[in-house]
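Reviewing the structure listed below.
Keep in mind that what you see is a predicted model, and the values were worked out from it rather than measured. The figures here come from the full heavy-atom set of this structure, side chains too, leaving out hydrogens, waters and symmetry mates.
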Amino acid sequence: MKILYFVHWFWPHIGGMETLSMNAVPALKQRGHDIVIVTSTSHLASAPRDEYQGIPIYRLPMTDALRQRDIKKFLYVRKELVKIYKEFEPELIHLHFGGIPVGIFLLDIIKEEKRRIPTVLTLHASGMRTGPDTLLGKLLRRSTWVVAVSDSVMNNALKTMPDIKGKISRIYNGVPAPKVSPTDLDFSVPKILCLGRMVKEK
């Protein structure tokens with residue numbers, strides 16, 4: 001299957017969405033799927049073409065276009081995305097949504113397509129403004145299936161868009177288990193385990 005994998009940030013950025021993608025994409029390739037990744041340019045990765053473990057990456061200035069309200073960049077992103085879309089001819093679109101509305105570029109393309117391609121929308125955050133006329137609301141309605149990474153995210157989506165009840169499921173983020181099990185752990189004193197990026201907001 002030809003999968004257009006659309007994610008706001010990707011490697012070398014490191015976060016929950018990025019780590020999930022860095023594990024999921026090679027696994028999908030290993031199962032015989034043909035994948036193209038579309039993501040944003042950034043100060044960490046500005047080259048328009050790149051690859052990750054042999055998987056093509058297209059980096060477009062989506063975030064800059066939105067943050068700078070730059071119509072020229074917006075039109076450039078749209079033109080390049082149309083080109084990628086038509087050349088690759090995806091059979092499935094997988095869009096990851098974590099708050100920054102880069103999905104507007106994809107929605108703008110797919111709503112004009114006569115060929116209705118199945119779309120999976122994975123939600124990575126709760127508390128986002130959701131309603132019928134919001135970008136997220138339109139993406140939720142347009143998607144063939146919606147995946148929420150937690151019960152909180154799923155309940156938030158259902159609360160604001162009840163009509164997606166028959167096409168949503170919760171799938172926790174997964175990463176490969178470490179090859180070496182921890183040893184010599186002293187549990188005689190209570191300990192707190194925190195998992196997350198070492199950044200201020202965490």
Side-chain angles (χ1 to χ4, degrees), residues 1-11 13-40 52-53 55 57-58 62-63 81 84-85 88 90-111 113 115-177 195-197 202:
M1 180 179 288
K2 300 174 76 173
I3 302 172
L4 180 64
Y5 196 93
F6 198 92
V7 60
H8 172 219
W9 295 127
F10 189 68
W11 168 88
H13 286 268
I14 300 295
M17 195 182 310
E18 295 87 346
T19 302
L20 171 70
S21 298
M22 287 164 61
N23 285 291
V25 170
L28 289 168
K29 182 185 177 185
Q30 192 175 29
R31 294 185 181 191
H33 299 293
D34 189 9
I35 304 163
V36 160
I37 300 166
V38 176
T39 189
S40 293
Y52 177 75
Q53 297 189 18
I55 300 164
I57 303 173
Y58 292 88
M62 297 183 287
T63 305
L81 189 53
I84 295 164
Y85 194 90
F88 184 57
E91 297 169 292
L92 176 73
I93 296 169
H94 191 168
L95 168 62
H96 291 263
F97 195 95
I100 297 178
V102 294
I104 192 170
F105 296 104
L106 189 58
L107 183 66
D108 189 40
I109 302 303
I110 60 178
K111 70 182 182 183
E113 284 294 308
R115 187 170 60 104
R116 190 166 178 85
I117 299 169
T119 304
V120 175
L121 172 63
T122 297
L123 299 175
H124 288 266
S126 58
M128 294 181 287
R129 182 171 173 264
T130 311
D133 296 323
T134 63
L135 169 65
L136 182 53
K138 292 174 182 178
L139 287 170
L140 286 167
R141 283 202 309 271
R142 171 60 180 79
S143 297
T144 311
W145 196 263
V146 180
V147 174
V149 299
S150 70
D151 288 332
S152 172
V153 172
M154 182 169 68
N155 292 336
N156 180 70
L158 285 168
K159 183 178 179 180
T160 51
M161 291 286 288
D163 52 331
I164 64 168
K165 186 176 181 180
K167 62 171 189 176
I168 187 170
S169 57
R170 184 257 296 131
I171 302 176
Y172 293 128
N173 289 340
V175 294
L195 301 176
R197 288 178 290 140
K202 297 292 183 180

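Distance check, rounded to the nearest 0.5 Å: CZ of F88 to NZ of K2 gives 5.5 Å. The line from CD1 of I35 to CG of L28 is 4.5 Å long, rounded to the nearest 0.5 Å. Atom CG in L139 sits 7.5 Å away from atom CG in L106 (nearest 0.5 Å). The CZ atom of R141 sits 12.5 Å away from atom CG of L121, with the distance rounded to the nearest 0.5 Å. Here the OG1 atom belonging to T122 is positioned 12.0 Å from the CH2 atom belonging to W145, to the nearest 0.5 angstrom.
No side-chain heavy atom of I117 sits less than 4.5 Å from a side-chain heavy atom of L4. The shortest distance between side-chain heavy atoms of L20 and H124 falls below 4.5 Å. At least one side-chain heavy atom of I57 sits less than 4.5 Å from a side-chain heavy atom of F10. Residues Y58 and V36 are in side-chain contact: their nearest non-hydrogen atoms beyond the backbone lie under 4.5 Å apart. Between T144 and V120, every side-chain heavy-atom pair lies at or beyond the 4.5 Å cut-off. For the pair T39/F6, no side-chain contact is recorded, criterion being any heavy-atom separation below 4.5 Å from C-beta on.
Minimum heavy-atom separation, A157 to I168: CB-CD1, 4.1 Å. Between P118 and L92, the shortest heavy-atom contact is O-CD1, 3.3 Å. Contact record, F97 with M17: C-CE, 4.3 Å, taken as the closest heavy-atom pair. Across all their heavy atoms, A125 and G98 have their closest contact at CB-O, 4.0 Å. Pairing each heavy atom of P26 with each of S21, the nearest pair is CD-O, 4.0 Å.
Proximity of a side-chain donor or acceptor of K138 to a complementary backbone N or O of L107 within less than 3.5 Å is not detected. Without hydrogens or angle criteria, T119 side chain to I93 main chain gives no donor-acceptor distance under 3.5 Å. The main-chain N or O of V153 is found under 3.5 Å from a side-chain atom of S150 such that the two form a donor-acceptor pair. Between the side chain of E18 and the backbone N or O of G15, at least one donor-acceptor pair lies under 3.5 Å. Proximity of a side-chain donor or acceptor of T160 to a complementary backbone N or O of L158 within less than 3.5 Å is not detected.
Residue pairs meeting the salt bridge (Lys or Arg N to Asp or Glu O under 4.0 Å) criterion with at least one member in residues 29-40, sequence neighbours excluded, do not occur. Screening residues 161-176 for salt bridge (Lys or Arg N to Asp or Glu O under 4.0 Å) gives D151-R170 as the qualifying pairs, with residues at least two apart or on separate chains.
Partners of Y5 under the ring pair (Phe, Tyr, Trp, His ring centres under 6.0 Å) rule, at least two apart in sequence or in another chain, are H94, H96. Considering only residues two or more places apart in sequence or on other chains, N155 meets the side chain to side chain donor-acceptor pair (under 3.5 Å) condition with none of them. Residues satisfying the side-chain contact (heavy atoms from CB on, under 4.5 Å) test with I171, not counting sequence neighbours, are V147, S169. Partners of S40 by side chain to side chain donor-acceptor pair (under 3.5 Å), not counting sequence neighbours, listed by chain and number: T63.
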Checklist entry - After noting the C-alpha distance and the side-chain angles of V102 and V7, does the key distance pass the side chain to side chain contact (heavy atoms under 4.5 Å, CB included) rule? => result CA-CA 8 Å; V102 294; V7 60; over 6 Å; no
Checklist entry - Please walk me through it: do L123 and V149 pass side chain to side chain contact (heavy atoms under 4.5 Å, CB included)? => result CA-CA 6 Å; L123 299 175; V149 299; over 6 Å; no
